[in-house]
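What you see below is based on every heavy atom in this structure, not just the backbone, and it leaves out hydrogens, waters and symmetry mates.
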Amino acid sequence: MYQTDPPRPAKEALPTMYDLPSEDPKEPGLPDEFHIFQPQLLRETFFPPNYPPDQVFVASDLNLYYDPQHTLWYKRPDWFAAVGVSRLYEQQNLRLSYVIWQEGVAPFVAVELLSPGTEKEDLGQTLREIKQPPTKWEVYERILRVPYYIVFDRYTDKLQAFQLVADRYSELNLSTPKVWMPGLQMGLGLWQGSYQGIERLWLRWYDAAGNWVPTPLEQERQRAEQLAARLRELGIDPNEV
């Protein structure tokens, strides 16, 4: 391809999400149940109050293309959120992938759920091999500069949080398993409770008052309980309505 004068912007010259593969045919396996339910709970409770819903994008197990010099290189976070970007691609289509040179906005927070086979890479303990793509840690820290990187080990229930300070990740000293993110006006922490009928520790978002953000199902249940209480105050048995 010939260069133009002036050069064409990356958004026009480089491949879009429609041109790039959205999945790896060599990895046809589906995520295990925890890798399905945990990202789902994060999605259902992520509502940063300082951003309108149409300017928030969250994804799990979605290809994240990050290098315009190597357009086929990608990482696939277990969960990530970008704010200040259209919920729909170019305000009209559901995304096949997240292409950084098209979006222009890097994720604000990335979450990795540790697995025995990926633990070292997720924690930045692997070295980049010659002529190989950078590690996941390097991409989040040095290329995309994701402000918050959260790592949760469901086998030990250990939560680790890393915040970008200058040009490197610094691990936060968590006196309690919670991470407040001022830029979102929300925090992420470990919640003991039942989700999808499974009782355990889950990663979940909380608000500025320290309350866990309810899921849509929990909101419906709360409204039903409030209505029932109101009916009882009026001397009406809610079971007979």
Identify the heavy atoms of [X] and [Y] that sit nearest to each other, and give their distance.
X	Y	result
W79	V109	CZ3-CG1, 4.0 Å
R145	A166	NH2-O, 2.6 Å
L159	K178	CD2-N, 4.3 Å
T215	R204	N-NH2, 3.8 Å
L164	V146	CB-O, 4.0 Å
I150	M181	CD1-CE, 4.0 Å

**Request:** Verify the neighbour count for atom CD of E33: are there more than 12 heavy atoms of other residues, nucleotides or ligands below 6.0 Å?
**Result:** no
Point-to-point distance, once rounded to the nearest 0.5 Å, from [atom1] of [X] to [atom2] of [Y]:
X	Y	atom1	atom2	answer
K136	L64	NZ	CG	10.5 Å
Y195	Q40	OH	CD	3.5 Å
S22	Y65	OG	OH	7.0 Å
Y206	N211	OH	CG	11.5 Å
L144	Y149	CG	OH	12.0 Å
L172	Q163	CG	CD	5.5 Å

Taking the side chain as C-beta and beyond, is there a heavy-atom pair between [X] and [Y] under 4.5 Å?
X	Y	answer
V213	M186	yes
P48	Q185	no
L114	R154	no
Q226	R230	no
V179	L174	yes
F34	I198	no
Q38	L203	yes
V111	F152	no

Measure from the side-chain N and O atoms of [X] to the backbone N and O of [Y], and report whether any donor-acceptor pair falls under 3.5 Å.
X	Y	value
N63	Y74	no
W101	P15	yes
Q55	P52	no
D78	H35	no

**Prompt:** What orientation do F80 and Y98 show, parallel under 30°, tilted 30 to 60°, or perpendicular over 60°?
**Reply:** perpendicular
**Prompt:** Using 30° and 60° as the class limits, which term best fits the ring planes of F37 and W202: parallel, tilted or perpendicular?
**Reply:** perpendicular
**Fill in**
Residues pairing under side chain to side chain donor-acceptor pair (under 3.5 Å) where one sits in residues 165-175, two or more places apart or in two chains, turn out to be Q160-E171
**Message:** With side chain to side chain donor-acceptor pair (under 3.5 Å) as the rule and sequence neighbours excluded, what pairs involving residues 83-97 come up?
**Reply:** Y18-N93, Y89-Q102, R95-E103
**Message:** Taking the cut-offs as 6.0 angstrom to the six-membered ring centre and 45 degrees off its axis, would you call K75 and Y140 a cation-pi pair?
**Reply:** no
**Fill in**
Hits for side chain to side chain donor-acceptor pair (under 3.5 Å) against T156, two or more places apart or cross-chain, chain-then-number order -> D153
**Request:** Report the residues that fulfil salt bridge (Lys or Arg N to Asp or Glu O under 4.0 Å) with R232, sequence neighbours left out, ordered by chain and then residue number.
**Result:** none
**Message:** With salt bridge (charged side-chain N to carboxylate O under 4.0 Å, His left out) as the rule and sequence neighbours excluded, what pairs involving residues 44-60 come up?
**Reply:** none
**Check against side-chain contact (heavy atoms from CB on, under 4.5 Å), L184 and W205** = CA-CA 11 Å; L184 296 176; W205 292 97; 4.1 Å; yes
**Cluster link L72 to L14, ILVMFWY, side chain under 4.5 Å** = yes
**Prompt:** Given the rule that I, L, V, M, F, W and Y join up when any side-chain heavy atoms are under 4.5 Å apart, are F46 and L88 in one cluster?
**Reply:** no
**Verdict with supporting geometry, V58 and L42, side-chain contact (heavy atoms from CB on, under 4.5 Å)** = CA-CA 9 Å; V58 301; L42 292 176; over 6 Å; no
**Residues forming a side-chain contact (heavy atoms from CB on, under 4.5 Å) with R221, sequence neighbours excluded** = L217, E218, E225
**Item:** Stepwise side-chain contact (heavy atoms from CB on, under 4.5 Å) check, F57 with V105
**Value:** CA-CA 11 Å; F57 176 71; V105 177; over 6 Å; no
